[in-house]
Amino acid sequence: MTQTITTTRTLGTADAALTVSSLGLGCMGMSEFYGTPDEAGGIATIGRALDLGVTFLDTADMYGPFTNERLVGRAIAGRRDEVVLATKFGNERAEDGTRLGINGRPEYVRAACDASLARLGVDHLDLYYQHRVDPTVPIEETVGAMAELVAAGKVRHLGLSEASAETIRRAHATHPITALQTEYSLFTRDLEDDILPVLRELGIGLVPYSPLGRGILTGAYAPAEGDSRSSAYFPRLNGENLVTNQALVDALAAIAARQGCTPGQLALAWVLAQGEDVAPIPGTKRVRYLEENVGAAAVSLDEAVLAEIEQAVPRGAVAGARYGDMSSIDA
Ligand SMILES: NC(=O)c1ccc[n+]([C@@H]2O[C@H](COP(=O)([O-])OP(=O)(O)OC[C@H]3O[C@@H](n4cnc5c(N)ncnc54)[C@H](OP(=O)(O)O)[C@@H]3O)[C@@H](O)[C@H]2O)c1
């Protein structure tokens, strides 16, 4: 029988608190970057996710671009009340996909929010993130504009993505921040030094993106021709690095076999074990993968297994940077 998610996590505190299903669903790959987009598969996966209690959905205006929000809007039509809906602005793109840069200007924030609401077919967003910090606009101005959206009832909670510790502090002083979304997995642990302590000090939740290392931690990573992960933007998923990293996944898979779960489930259970303020959003466009990932919530890891995992995939063992050219981050 397929498991359901019955546990929740609370991101943020006091007025900024937002309760979400402990595991969310990343919708990006349904529309772009990871192989052939699959609208029908995406809609079916979102419907199944809601049935299984995975109600925390993640999208962004730039995925597609714009088509992912429309897809999510279609999938949740008639079920809006079941969903904790998160989207993002700031990686500006034209309709044809051309990248226009990072934009955190207040007038853009307002226009981007209205456009997202229209595409999603909803009257409010539960969580609205700045996707990337605009270095040319003081964070107080961007978050100030985001706070006006809260006052207007268009947005319930605010988030940042890939922000520095200093930016998080300044943003939170402007308006309470509910969550930081950033990459976190057995392969990406940089944030443990500088970011995680600040989040905990300020009571801000963490939403780990790419918790499966963009798929490699499942042990079933096999990108098709034209998949963006095969490009130089993702050094750790290519060439010699991929060989080294695959060996780490093999070691993880051996532990998973002993635990009676899959490597992907073990990788997600590890993320879930990092704190009650952590709610990962593994991405998939397939019902089968979603159902497997939901099973991770039932995998409990004691200290001995956590130590085994640490030994098999030591922090910093991964080969290659997570992004190649940081000036052209796609996703
Ligand atoms: N804030 C940001 O800058 C940022 C950046 C990247 C992503 N995100 C968000 O985070 C979400 C998740 O991250 P992600 O999609 O990059 O990476 P991920 O969740 O680590 O991995 C997704 C990949 O793993 C595959 N997969 C998922 N479950 C699987 C399973 N059980 N067995 C085998 N393969 C499985 C998926 O395959 P299929 O595609 O074939 O289903 C997909 O290719 C995204 O959807 C997006 O919403 C945010």
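Keep in mind it's a predicted model, so treat the numbers as computed, not measured. In listed order, ligands and their atoms are each counted from 1.
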*Asks:* Start with the C-alpha gap between Arg236 and Thr188, add the side-chain angles, then the distance that decides, and say whether side-chain hydrogen bond (donor to acceptor under 3.5 Å, both in side chains) holds.
*Replies:* CA-CA 11 Å; Arg236 63 176 56 161; Thr188 300; 2.8 Å; yes
*Asks:* Please list, in number order, the atoms of ligand 1 under 4.0 Å from a heavy atom of Arg229.
*Replies:*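 Those of ligand 1 that fall under 4.0 Å from Arg229 are 23 (C), 42 (C), 43 (O).
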*Asks:* Can you pull out every salt bridge (charged side-chain N to carboxylate O under 4.0 Å, His left out) where at least one residue sits in residues 102-113? Sequence neighbours excluded, please.
*Replies:*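 As it turns out, the salt bridge (charged side-chain N to carboxylate O under 4.0 Å, His left out) pairs with a partner in residues 102-113, which skip direct neighbours, are Arg105-Glu107, Arg110-Glu148.
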*Asks:* Against Ile204, only a single residue in Ile195, Thr178, Ile168 fulfils side-chain contact (heavy atoms from CB on, under 4.5 Å); can you say which?
*Replies:*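 It is Ile168, the one option of Ile195, Thr178, Ile168 that forms the side-chain contact (heavy atoms from CB on, under 4.5 Å) with Ile204.
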*Asks:* Counting heavy atoms only, which part of Glu183 comes closer than 4.0 Å to ligand 1: side chain, backbone, both or neither?
*Replies:*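 Answer for Glu183: neither.
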*Asks:* Please report whether ligand 1 has a polar contact with Glu162, defined as an N or O pair separated by less than 3.5 Å (distance criterion only).
*Replies:*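 In fact, backbone or side chain, Glu162 has no N or O that close.
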*Asks:* Given the rule in the side-chain contact (heavy atoms from CB on, under 4.5 Å) test, do Val249 and Ile216 qualify, once you have shown the distances and angles that lead to the verdict?
*Replies:* CA-CA 7 Å; Val249 177; Ile216 187 171; 3.9 Å; yes
*Asks:* Heavy-atom distances under 4.0 Å decide this one: backbone, side chain, both or neither, for Tyr63 against ligand 1?
*Replies:*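 Just the side chain.
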*Asks:* Tell me, with the steps shown, if Tyr323 and Tyr233 meet ring-ring contact (aromatic ring centres under 6.0 Å, His included).
*Replies:* CA-CA 5 Å; Tyr323 288 114; Tyr233 293 137; 8.7 Å; no
*Asks:* For ligand 1, which atoms, with element, lie under 4.0 Å from some heavy atom of Asp58?
*Replies:*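 Going through ligand 1 atom by atom, the ones under 4.0 Å from Asp58 are 9 (C), 46 (C), 47 (O).
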*Asks:* Would you say Leu212 has any N or O atom under 3.5 Å from an N or O of ligand 1, going by distance alone?
*Replies:*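 Checking ligand 1 against Leu212, an N or O pair does fall under 3.5 Å apart.
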*Asks:* Counting both backbone and side chain atoms, is some N or O of Tyr323 under 3.5 Å from an N or O of ligand 1?
*Replies:*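 Checking ligand 1 against Tyr323, no N or O pair falls under 3.5 Å apart.
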*Asks:* Give a yes or no on whether a salt bridge exists between Asp61 and Lys88, defined as a side-chain N under 4.0 angstrom from a carboxylate O.
*Replies:*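 Salt bridge flag = no for Lys88 with Asp61.
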*Asks:* Which is closest to atom 18 (P) of ligand 1 by heavy-atom distance: Gly90, Gly29, Gly24, Ser210?
*Replies:*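 Checking each option, the heavy atom nearest atom 18 (P) of ligand 1 is found in Ser210.
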*Asks:* Report the part of Lys285 in contact with ligand 1, treating N, CA, C, O as backbone and CB onward as side chain, heavy atoms under 4.0 Å; options are side chain, backbone, both, neither.
*Replies:*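 Under 4.0 Å from ligand 1, Lys285 contributes backbone and side-chain atoms.
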*Asks:* Yes or no on ring-ring contact (aromatic ring centres under 6.0 Å, His included) for Tyr129 and His157, after CA distance, side-chain angles and deciding distance?
*Replies:* CA-CA 9 Å; Tyr129 298 98; His157 300 88; over 10 Å; no
*Asks:* In terms of the angle between their ring planes, are Tyr63 and His131 parallel, tilted or perpendicular, with boundaries placed at 30° and 60°?
*Replies:*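 Because their plane-to-plane angle is over 60°, the rings of Tyr63 and His131 count as perpendicular.
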*Asks:* Tell me whether Ala220 has any N or O atom under 3.5 angstrom from an N or O of ligand 1.
*Replies:*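 It does not: no N or O of Ala220 is found under 3.5 Å from an N or O of ligand 1.
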*Asks:* For His131, counting its heavy atoms only, list the atoms of ligand 1 lying under 4.0 Å from any of them.
*Replies:*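 Checking each atom against His131, I get 1 (N), 2 (C), 3 (O).
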*Asks:* Please walk me through it: do Ser231 and Ser228 pass side-chain hydrogen bond (donor to acceptor under 3.5 Å, both in side chains)?
*Replies:* CA-CA 5 Å; Ser231 77; Ser228 74; 5.6 Å; no
*Asks:* So for Arg132, does at least one of its heavy atoms come nearer than 4.0 angstrom to any atom of ligand 1?
*Replies:*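 Yes; Arg132 lies near enough to ligand 1 that a heavy-atom distance drops under 4.0 Å.
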*Asks:* Test salt bridge (charged side-chain N to carboxylate O under 4.0 Å, His left out) on Asp126 and Arg80 and set out the steps.
*Replies:* CA-CA 11 Å; Asp126 297 299; Arg80 174 67 183 95; 2.9 Å; yes
*Asks:* Which ligand 1 atoms are under 4.0 Å away from a heavy-atom of Gly213?
*Replies:*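 This gives 20 (O) as the contact atoms.
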*Asks:* Atoms of ligand 1 less than 4.0 Å from Met28 heavy atoms?
*Replies:*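 Under 4.0 Å from Met28, ligand 1 has these atoms: 7 (C), 16 (O), 44 (C), 45 (O), 46 (C), 47 (O).
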*Asks:* Measuring from atom 10 (O) of ligand 1, which candidate in Tyr209, Tyr129, Tyr289 has the nearest non-hydrogen atom?
*Replies:*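 Going through Tyr209, Tyr129, Tyr289 one by one, Tyr209 has the nearest heavy atom to atom 10 (O) of ligand 1.
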*Asks:* Does any N/O atom on Gln181 come nearer than 3.5 Å to any N/O atom on ligand 1?
*Replies:*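 Looking only at distances, the answer is yes, because the N/O contact criterion of under 3.5 Å is met.
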*Asks:* Test of understanding: given a 4.0 Å heavy-atom threshold, classify the contact between Ala60 and ligand 1 as side chain, backbone, both, or neither.
*Replies:*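 Neither; no heavy atom under 4.0 Å.
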*Asks:* Any ion pair linking Arg315 and Glu310 (charged N to carboxylate O, less than 4.0 Å)?
*Replies:*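 Between Arg315 and Glu310 there is no salt bridge, as every charged N stays at least 4.0 Å from the carboxylate O atoms.
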*Asks:* Does Arg229 qualify as a cation-pi partner of Tyr34, given the criterion of NZ or CZ under 6.0 Å from the six-membered ring centre and within 45 degrees of its axis?
*Replies:*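 Yes.
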*Asks:* Go through the steps for Arg93 and Glu32 under the test salt bridge (charged side-chain N to carboxylate O under 4.0 Å, His left out), then give the verdict.
*Replies:* CA-CA 13 Å; Arg93 293 178 77 180; Glu32 200 180 3; 2.9 Å; yes
*Asks:* Ligand 1 versus Glu291, non-hydrogen atoms closer than 4.0 Å: side chain, backbone, both, neither?
*Replies:*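 For Glu291, no heavy atom sits under 4.0 Å from ligand 1.
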*Asks:* Which atoms from ligand 1 have a heavy atom of Thr218 less than 4.0 Å away?
*Replies:*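 Checking each atom against Thr218, I get 29 (C), 30 (C), 32 (N), 33 (C), 34 (N), 35 (C).
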*Asks:* How far apart are the C-alpha atoms of Leu11 and Asp277, what are their side-chain angles, what is the distance that settles it, and do they pass the side-chain contact (heavy atoms from CB on, under 4.5 Å) test?
*Replies:* CA-CA 6 Å; Leu11 308 171; Asp277 52 354; 5.6 Å; no
*Asks:* Pick one of side chain, backbone, both or neither for how Asn293 approaches ligand 1, counting any non-hydrogen atom pair under 4.0 Å.
*Replies:*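 The answer is the side chain.
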*Asks:* Mind checking who shares a hydrophobic cluster with Leu212, ILVMFWY linked at side-chain heavy-atom distances under 4.5 Å?
*Replies:*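 Joined to Leu212, directly or through intermediates: Leu268.
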*Asks:* Could you tell me whether some N/O pair between Lys88 and ligand 1 is separated by less than 3.5 angstrom?
*Replies:*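 Looking only at distances, the answer is no, because the N/O contact criterion of under 3.5 Å is not met.
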*Asks:* Checking contacts here: is it the side chain or the backbone of Ile281 that comes within 4.0 Å of ligand 1, counting heavy atoms only? Could be both or neither.
*Replies:*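 Both parts.
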*Asks:* Can you tell me if Arg288 has a non-hydrogen atom under 4.0 Å from ligand 1?
*Replies:*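 For ligand 1, residue contact (heavy atoms, under 4.0 Å) with Arg288 is absent.
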*Asks:* Out of all atoms in ligand 1, which are within 4.0 Å of some heavy atom of Cys27? Include the element for each.
*Replies:*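 In order of numbering, the contacting atoms are 45 (O), 47 (O).
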*Asks:* Find all atoms of ligand 1 within a distance of less than 4.0 Å from any non-hydrogen atom belonging to Pro282, and give their numbers and elements.
*Replies:*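 What qualifies from ligand 1 is 19 (O).
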*Asks:* Measure the distances from the heavy atoms of Pro211 to every atom of ligand 1 and state whether one is below 4.0 angstrom.
*Replies:*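 It does; at least one heavy atom falls under 4.0 Å.
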*Asks:* Could you pull out, from Gly283, Gly215, Ala296, Gly42, the option with a heavy atom nearest to atom 27 (C) of ligand 1?
*Replies:*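 Closest candidate by heavy-atom distance is Gly283.
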*Asks:* Can you confirm whether Asp123 sits close enough to Leu117 that some side-chain heavy atom of one is under 4.5 Å from a side-chain heavy atom of the other?
*Replies:*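 Asp123 does not reach Leu117 side chain to side chain.
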